[in-house]
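What follows is a set of notes on a single structure, which appears directly below.
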Amino acid sequence: MSESASGDVRQRAGALLDRTFGYPSFRGQQLEIIEATVRGDDNLVLMPTGGGKSLCYQIPALIRPGIAVVVSPLIALMQDQVSALHQLGVAAEFLNSSLGAEDEARVHRRITAGELDLLYVAPERLLQARTLELLAHSSVGLIAIDEAHCVSQWGHDFRQDYLELGRLREHFPDVPWIALTATADQRTREEIIERLHLRAPNRFVSSFDRPNICYAVQTKTDARRQLAAFLEGHRGECGIVYCLSRAKVESTAAWLNAAGYTALPYHAGLQAEVRSEHQRRFLHEDATIIVATIAFGMGIDKPDVRFVAHLDLPKSIEAYYQETGRAGRDGAPADAWMIYGLQDVVRLRQMLDASDAAEAQKRIERGKLDALLGWCEITSCRRRALLAYFGDELGRACGNCDTCLKPPVTWDATLAAQQLLSCIYRTGQRFGAGHVLDVLMGKRTDKVKQHGHEQVSTFGIGAGFDVKRWRSVLRQLMVEGYITADPERYGALTLTPESRPLLRGDIELHLREDTSAPTKAKRGGGKRATVDLNPADEALWEELRALRTRLAKDQGLPPYTVFHDATLRDMASARPASLDAMRAISGVGEVKLERYGHEFLSVLRDHGVGATAE
């Protein structure tokens, strides 16, 4: 693309961002991604939840000729995004099983007539011969794969339907592809590129940091008492509570309702109509809590989720990051709070061992679970370790996680760490954790005797600690980068270069004390909606929200598709006195100004703003 053509793309993209979406400027790498996509490149985009991934394909869809086909994994997500685009005046539709015959025929006609800019479709529907034939007679200008980590068996949310998407390259060989996800480690990224047949893709990896989220982890003592104490700081707010089992979802939702909260259960065992209604209420209503298994959440765009609580361990750091990323999409303070116990670990391992997955996949999943457990037990900044897992660096402690706000009790583990590292080395760096700990604790198992490891110098030197404490040391050494577990060699523990100064005694190491005492951390932030408001503006803010709710209800839409909280906060603070002044508010595009401007100005006028309709 020539310099002049690139300048034209930037100009058109900026105009669309302002006029259609109502935002004054791009964030992060958005503009670079848009330029590359319009140019016709393939792109892999990693951007945190709430970072603005959708704009990276929506704006190219409005610039490039033809229709942009967006592969999306969930019906509710497609409906939500299409409704939001309609509010902006964008020609978008979806194809999925929720459509009746008449509506499906209408969408087909619009595709054939070239009337659409974006078509959202599930992978299984897209790969049907009828859909491929329909698109073959249309002009496809872009293919976007949302939630692209679903294509990877190394990822945390693998979906079989996504595996076949690479076949689309045969049907649309010259169409640029953009694959987008919020979570993918290096191995998952490579598999996405391979399975989708991306052609020398540009890789755009944004920071994984969500600085507005306060991360906190406690050991589980009395789950309901701990949850009740946490929720006291979130009365009147929306949130998600994750549980491992359907039965626990049901009982926790009932208990929360009895305690005065509005709580709705959500899991795969409920009838589809019930799940749909509970999701609709969560998206449309304020102060509603969803209690769910991992069946809930992917693609949820609700911006004002103020907390995500885990009553049980998720399966991996990737899953944890994805689930907690549903909090605070609006950038206001939010909490990610989790409690865990030994029973969680036992149950997750039992589920893994009983699964039909290949042994190689089970080893990978065990490694991911151990990494999560190690992260739970760290004593340094929790956010830094979370980002490091994804290859992202934070140069300083964050000041907004439990280990920063209330540092945990630690103990001098230098000698214990040296003993464990030496035992890994003396046994040849060829064995998993179970065997190494047997040697360290002096257990004469058949495997120990088979390899002659009762003869090594480290045999029995760790007999003073029980296996629980040694596993805690091991997990923390892994998360601190002194040890790695190789999934290709059955989880064999190996030393990293970072272990050398520790073995030589050049540094001291302090690890988290294994205790069941609960910890509390107060997040570094303010209340949900009033964080940027003066007290004098709060009454106006509430009236603006009430108007938004009414307008959304009349159309059967979630309130945030009318205006986000951040836009209403800006209105309450800036108090625009004319349509022109309102147009300058972030999130107010031309279509929304025409559709809603007068009614919001009327509320402002009632609060003494000299509003005019100029």
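- Between Glu277 and Arg280, at least one side-chain nitrogen of the basic residue sits less than 4.0 Å from a carboxylate oxygen of the acidic one, meeting the salt-bridge criterion.
- Looking only at side-chain heavy atoms (C-beta outward), Leu372 and Ser316 stay at 4.5 Å or farther from each other.
- More than 12 heavy atoms of other residues, nucleotides or ligands sit less than 6.0 Å from atom CD of Glu599.
- Taking the side chain as every heavy atom from C-beta outward, Phe94 and Val70 never approach each other to under 4.5 Å.
- Minimum interatomic distance between Leu369 and Pro314 (heavy atoms only, all atoms of both residues): CD1-O, 4.3 Å.
- Under the 4.5 Å side-chain criterion, counting only non-hydrogen atoms from C-beta, Leu180 is not in contact with Met47.
- The neighbour count for Lys315 NZ, taken as heavy atoms of other residues, nucleotides or ligands under 6.0 Å away, does not exceed 12.
- Proximity of a side-chain donor or acceptor of Ser251 to a complementary backbone N or O of Ala247 within less than 3.5 Å is detected.
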Exercise for the section: Go through the steps to decide whether Cys376 and Leu313 satisfy the test side chain to side chain contact (heavy atoms under 4.5 Å, CB included), and finish with yes or no. Expected result: CA-CA 10 Å; Cys376 288; Leu313 272 177; 3.9 Å; yes
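- Within the 4.5 Å cutoff, the side chain of Tyr120 has no heavy atoms near those of the Asp146 side chain.
- A salt bridge (Lys or Arg N to Asp or Glu O under 4.0 Å) with Asp330 is found for exactly one of Arg210, Arg306, Lys302, namely Arg306.
- Aromatic rings from His234 and Phe307 are positioned such that their centres are separated by under 6.0 Å.
- Between the side chain of Asp312 and the main chain of Cys243, no donor-acceptor pair closer than 3.5 Å is present.
- Side-chain atoms of Leu126 and His171, non-hydrogen and from C-beta on, never get closer than 4.5 Å to each other.
- Nearest heavy-atom pair across Gly325 and Thr49 is O-CG2, 3.2 Å.
- Once rounded to the nearest 0.5 Å, the distance linking CD1 of Ile59 with CG of Leu17 reads 5.0 Å.
- Looking at Arg246, its side chain never comes within 3.5 Å of a backbone N or O of His267 through a donor-acceptor pair.
- No side-chain donor-acceptor contact under 3.5 Å links His149 to the backbone of Ala184.
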Exercise for the section: Before giving the answer on side chain to side chain contact (heavy atoms under 4.5 Å, CB included), spell out for Asn96 and Arg125 the whole-Å C-alpha distance, their side-chain angles and the decisive distance to 0.1 Å. Expected result: CA-CA 7 Å; Asn96 59 46; Arg125 173 60 66 94; 5.8 Å; no
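- Side-chain N/O atoms of Gln79 and Ser98 include a donor and acceptor closer than 3.5 Å.
- The distance from atom OG1 of Thr567 to atom OH of Tyr23, rounded to the nearest 0.5 Å, is 6.0 Å.
- With values rounded to the nearest 0.5 angstrom, Leu264 atom CG is found 12.0 Å from Ile240 atom CD1.
- In terms of modelled atom types and a separation under 3.5 Å, the side chain of Arg110 and the main chain of Leu116 share no donor-acceptor contact.
- Side-chain N or O atoms of Gln226 include none that pairs as donor or acceptor with a backbone N or O of Ile339 at under 3.5 Å.
- Put simply, the side chain of Asn257 gets close to the backbone of Ala263: a donor and an acceptor are under 3.5 Å apart.
- There is no side-chain donor-acceptor pair under 3.5 Å between Glu318 and Thr183.
- Between Ala287 and Cys238, the closest heavy-atom pair is N-SG, 3.4 Å.
- Atom CD of residue Glu543 and atom CG of residue Leu568 lie 12.5 Å apart, to the nearest 0.5 angstrom.
- The distance from the CG atom of Leu55 to the CD1 atom of Ile33 is 10.5 Å, given to the nearest 0.5 Å.
- Distance alone, capped at 3.5 Å, places no donor-acceptor pair between the Ser72 side chain and the Ala122 backbone.
- Below 30°, between 30° and 60°, or above 60°: for Trp375 and Tyr320 the angle between ring planes is between 30° and 60°, a tilted geometry.
- No side-chain donor-acceptor contact under 3.5 Å links Gln58 and Gln81.
- Looking only at distances, a side-chain donor or acceptor of Arg548 sits under 3.5 Å from a matching main-chain atom of Phe563.
- Lys220 places a side-chain N or O within donor-acceptor distance of the main-chain N or O of Leu311, the cut-off being under 3.5 Å.
- Looking at heavy atoms from C-beta onward, Val591 lies out of side-chain contact with Thr20 at the 4.5 angstrom threshold.
- In this structure, Arg383 is not positioned above the aromatic face of Phe208 in the sense of NZ or CZ being under 6.0 Å from the six-membered ring centre and within 45° of the axis.
- Using a 4.5 Å heavy-atom threshold, the side chains of Thr288 and Leu283 count as separate.
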Practice task
Apply side chain to side chain contact (heavy atoms under 4.5 Å, CB included) to Ile585 and Phe600, showing your working.
Solution key: CA-CA 12 Å; Ile585 299 291; Phe600 281 90; over 6 Å; no
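- With a 4.5 Å cut-off on side-chain heavy atoms, Lys368 and Ile317 do not count as touching.
- Tested against His310, the residues Tyr215, Tyr242, Tyr340, Tyr321 include a single ring-ring contact (aromatic ring centres under 6.0 Å, His included) partner, Tyr242.
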Practice task
Apply the test salt bridge (Lys or Arg N to Asp or Glu O under 4.0 Å) to residues Arg167 and Glu170: give CA-CA distance (whole Å), side-chain angles for both, the deciding distance (0.1 Å), then the verdict.
Solution key: CA-CA 6 Å; Arg167 291 198 290 114; Glu170 304 169 14; 5.9 Å; no
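- Look at Arg545 and Glu542 and you find a salt bridge, because one of the NZ, NE, NH1 or NH2 atoms lies within 4.0 Å of a carboxylate O, short of that distance.
- Here the CZ atom belonging to Arg550 is positioned 11.5 Å from the NZ atom belonging to Lys553, to the nearest 0.5 angstrom.
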